2 protein chains.
Amino acid sequence: MDKQIHNRKLEQLITNGVPEDDHAKKISDFFKATGEPTRVKIILALSQTSLSVNEIAEILNMSQSGISHQLKTLRDARIVVGERLGKEVHYRLIDNHIVNIFEQVIKHADE
Amino acid sequence: MDKQIHNRKLEQLITNGVPEDDHAKKISDFFKATGEPTRVKIILALSQTSLSVNEIAEILNMSQSGISHQLKTLRDARIVVGERLGKEVHYRLIDNHIVNIFEQVIKHADE
DNA sequence: CAAACATATGCATGTCTGTTCATATGTTCA
DNA sequence: TGAACATATGAACAGACATGCATATGTTTG
């Protein structure tokens, strides 16, 4: 009986609390994209102003190629968007949702 | 001159916008801990109720060892805390900051 | 104390990922 | 059109990581 109540609690969780595999993956994909120091720096830089690829590379003192790869990861996660202006592509955060999330995490990290 | 203005903008960003290496790492460490489907499921399960290690393993249909390893990662990131009650250790989210962050990310992921 | 149970941890392994180098693609302008 | 510049992409490699197995540690109770 105790066991049964126990199981009912878990059943409840499985059906309501824990997401399906694809949903969990979607959520973790976002976090995975933000879970790397270089990408954190890119995002925080873009929270101030939009920047070209070379500008970001200069700020972070990294190769153009490296930054471009990371921007692809951030694009795929729908965190940044790039807009071509002549030869350059200007990147910006896709919305300020992102900034809100970072503000909360920074609070948590600094605590 | 154009170049100089350009550089001033970047200087500004480097000193104000972009965090130091250790700070960026702290932030990304949080995100890294949440950037994995199993850990996302654990966190969402714990957002409903506290659970023992074996209960989590049962819910997620994974080995006890695997869950324990993941819980260590989440502990290290100060996302969960465990409290020993007899033979069992009951885990819960460290605060509801975590839930807020997840709510925002889920919104972003579902959009 | 010994047996049973719950959790933690070291090791091994297959997989994933961040970075650079070289090069391709796209754009401007002379 | 061709040279110069900005960005993207493929390959390769080193380092990181998730998981399971075996086992150690911690806790209760008979």
Side-chain angles (χ1 to χ4, degrees), chain A residues 2-3 6-7 9-10 21 24-25 27-43 45-46 50-77 79-92, chain B residues 2-3 6-7 10 21 24-43 45-46 50-77 79-92:
Chain A
D2 185 41
K3 184 67 177 291
H6 178 76
N7 282 346
K9 167 180 156 192
L10 297 194
D21 279 4
K25 185 170 181 320
I27 297 168
S28 68
D29 279 347
F30 175 90
F31 284 122
K32 196 166 296 190
T34 57
E36 204 277 327
T38 299
R39 291 194 292 267
V40 164
K41 289 184 193 174
I42 293 175
I43 291 168
L46 292 179
S50 68
L51 292 164
S52 72
V53 179
N54 271 336
E55 284 176 326
I56 298 173
E58 190 177 343
I59 291 172
L60 302 191
N61 198 32
M62 278 185 55
S63 73
Q64 176 271 322
S65 168
I67 297 299
S68 192
H69 279 296
Q70 300 293 23
L71 285 170
K72 173 165 176 45
T73 300
L74 293 173
R75 256 185 287 130
D76 289 348
I79 290 174
V80 307
V81 282
E83 184 182 7
R84 191 172 265 281
L85 296 177
K87 290 185 281 196
E88 304 177 346
V89 177
H90 288 252
Y91 280 89
R92 56 181 168 81
Chain B
D2 185 40
K3 184 69 176 290
H6 177 75
N7 282 346
L10 297 193
D21 279 4
K25 186 170 181 319
K26 263 193 187 173
I27 298 169
S28 69
D29 279 347
F30 175 89
F31 284 121
K32 193 167 297 191
T34 57
E36 204 278 327
T38 299
R39 292 195 292 267
V40 164
K41 290 185 192 173
I42 293 175
I43 291 168
L46 292 179
S50 68
L51 292 165
S52 71
V53 178
N54 271 336
E55 284 177 326
I56 299 173
E58 190 177 342
I59 291 171
L60 301 191
N61 197 33
M62 278 184 56
S63 74
Q64 176 271 322
S65 168
I67 297 298
S68 191
H69 279 299
Q70 300 294 21
L71 285 170
K72 173 165 176 45
T73 301
L74 294 173
R75 256 186 286 131
D76 289 348
I79 290 173
V80 305
V81 281
E83 184 183 7
R84 191 172 265 281
L85 297 177
K87 290 185 279 197
E88 303 178 346
V89 177
H90 287 252
Y91 279 89
R92 57 182 169 78

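To find a chain, count down the sequence lines: A is the first, B the second, and so on, and within it residues start at 1. Everything numeric in this text was worked out from a predicted model, so none of it was measured.
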Enquirer: For B:Leu71 and C:dA8, give me the distance from atom CG to atom P, rounded to whole Å.
Expert: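 Atom-to-atom, B:Leu71 to C:dA8, this comes out as 7 Å.
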
Enquirer: Grab the NZ-P distance between B:Lys41 and D:dA18 for me, whole Å please.
Expert: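 Result: 15 Å.
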
Enquirer: Mind checking the NZ-CG spacing from B:Lys41 to A:Asp21? Nearest 0.5 Å is all I need.
Expert: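 Taking NZ in B:Lys41 and CG in A:Asp21, the distance rounds to 3.5 Å.
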
Enquirer: Once salt bridge (Lys or Arg N to Asp or Glu O under 4.0 Å) is applied, do any residues pair with B:Lys87, and if so which ones, sequence neighbours excluded?
Expert: none

Enquirer: In whole Å, I'd like the distance from the CG atom of B:Leu51 to the C1' atom of C:dA6.
Expert: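 The answer, rounded to whole Å, is 15 Å.
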
Enquirer: Please state how far atom CD1 in B:Ile56 lies from atom P in D:dA18, giving the value in whole angstrom units.
Expert: 16 Å

Enquirer: Would you list the atom pairs, donor with acceptor, under 3.5 Å between side chains in residues 63-71 of chain A and any protein atom, with sequence neighbours excluded?
Expert:
| from | atom 1 | to | atom 2 | distance (Å) |
| --- | --- | --- | --- | --- |
| A:Ser63 | OG | A:Gly66 | N | 3.0 |
| A:Gln70 | OE1 | A:Arg39 | NH1 | 2.8 |

Enquirer: What's the CD-P distance between B:Glu55 and C:dC5, to the nearest Å?
Expert: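 Checked: the CD to P distance equals 17 Å.
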
Enquirer: Show every side-chain hydrogen bond (donor to acceptor under 3.5 Å, both in side chains) that has at least one partner inside residues 27-38 of chain A, sequence neighbours left out.
Expert: A:Lys25-A:Asp29

Enquirer: D:dT7, OP1 or OP2 - any side-chain N/O from A:Asn54 closer than 4.0 Å?
Expert: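 Yes.
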
Enquirer: Determine: side-chain N/O of B:Tyr91 to OP1/OP2 of C:dA8, distance under 4.0 Å, yes or no.
Expert: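 So the side chain of B:Tyr91 is within the cut-off, an N or O lying under 4.0 Å from OP1 or OP2 of C:dA8.
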
Enquirer: Is there any protein nitrogen or oxygen under 3.5 Å from a nitrogen or oxygen in nucleotides 14-18 of chain C, and what are the pairs?
Expert:
| from | atom 1 | to | atom 2 | distance (Å) |
| --- | --- | --- | --- | --- |
| C:dG18 | OP1 | A:Arg39 | NH1 | 3.3 |
| C:dG18 | OP1 | A:Arg39 | NH2 | 2.8 |
| C:dG18 | OP2 | A:Arg39 | NH1 | 3.2 |

Enquirer: Dump every N/O contact between nucleotides 21-27 of chain D and the protein below 3.5 Å, one line per pair.
Expert:
| from | atom 1 | to | atom 2 | distance (Å) |
| --- | --- | --- | --- | --- |
| D:dC21 | N4 | B:Ser65 | OG | 2.4 |

Enquirer: Could you pull out all residues at least two apart from B:Ser50 that satisfy side chain to side chain contact (heavy atoms under 4.5 Å, CB included)?
Expert: B:His90, B:Arg92

Enquirer: Check ring-ring contact (aromatic ring centres under 6.0 Å, His included) between A:Phe30 and all other residues, then give those that pass, not counting sequence neighbours.
Expert: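 If we apply the ring-ring contact (aromatic ring centres under 6.0 Å, His included) test to A:Phe30, skipping adjacent residues, the hits are B:His108.
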
Enquirer: Starting from P on C:dT9, measure out to CD1 on B:Ile67 and report it in whole angstrom.
Expert: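 Taking atom P of C:dT9 as the reference, CD1 of B:Ile67 is at 15 Å.
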
Enquirer: What is the distance from atom CG of B:Leu46 to atom CD1 of B:Ile56, rounded to the nearest 0.5 Å?
Expert: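 Reported value, rounded in 0.5 Å steps: 4.5 Å.
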
Enquirer: Please enumerate all residues that pass side chain to side chain contact (heavy atoms under 4.5 Å, CB included) together with A:Arg75, with sequence neighbours excluded.
Expert: A:Lys72, A:Val80, A:Tyr91

Enquirer: Can you sort out the partners of B:Asn61 under side-chain hydrogen bond (donor to acceptor under 3.5 Å, both in side chains), two or more places apart, ordered by chain and number?
Expert: none

Enquirer: In whole Å, I'd like the distance from the CD atom of B:Glu88 to the C1' atom of C:dA4.
Expert: 14 Å

Enquirer: Taking atom C1' of D:dC5 as reference, at what distance in whole Å does atom NE2 of A:His90 sit?
Expert: 13 Å

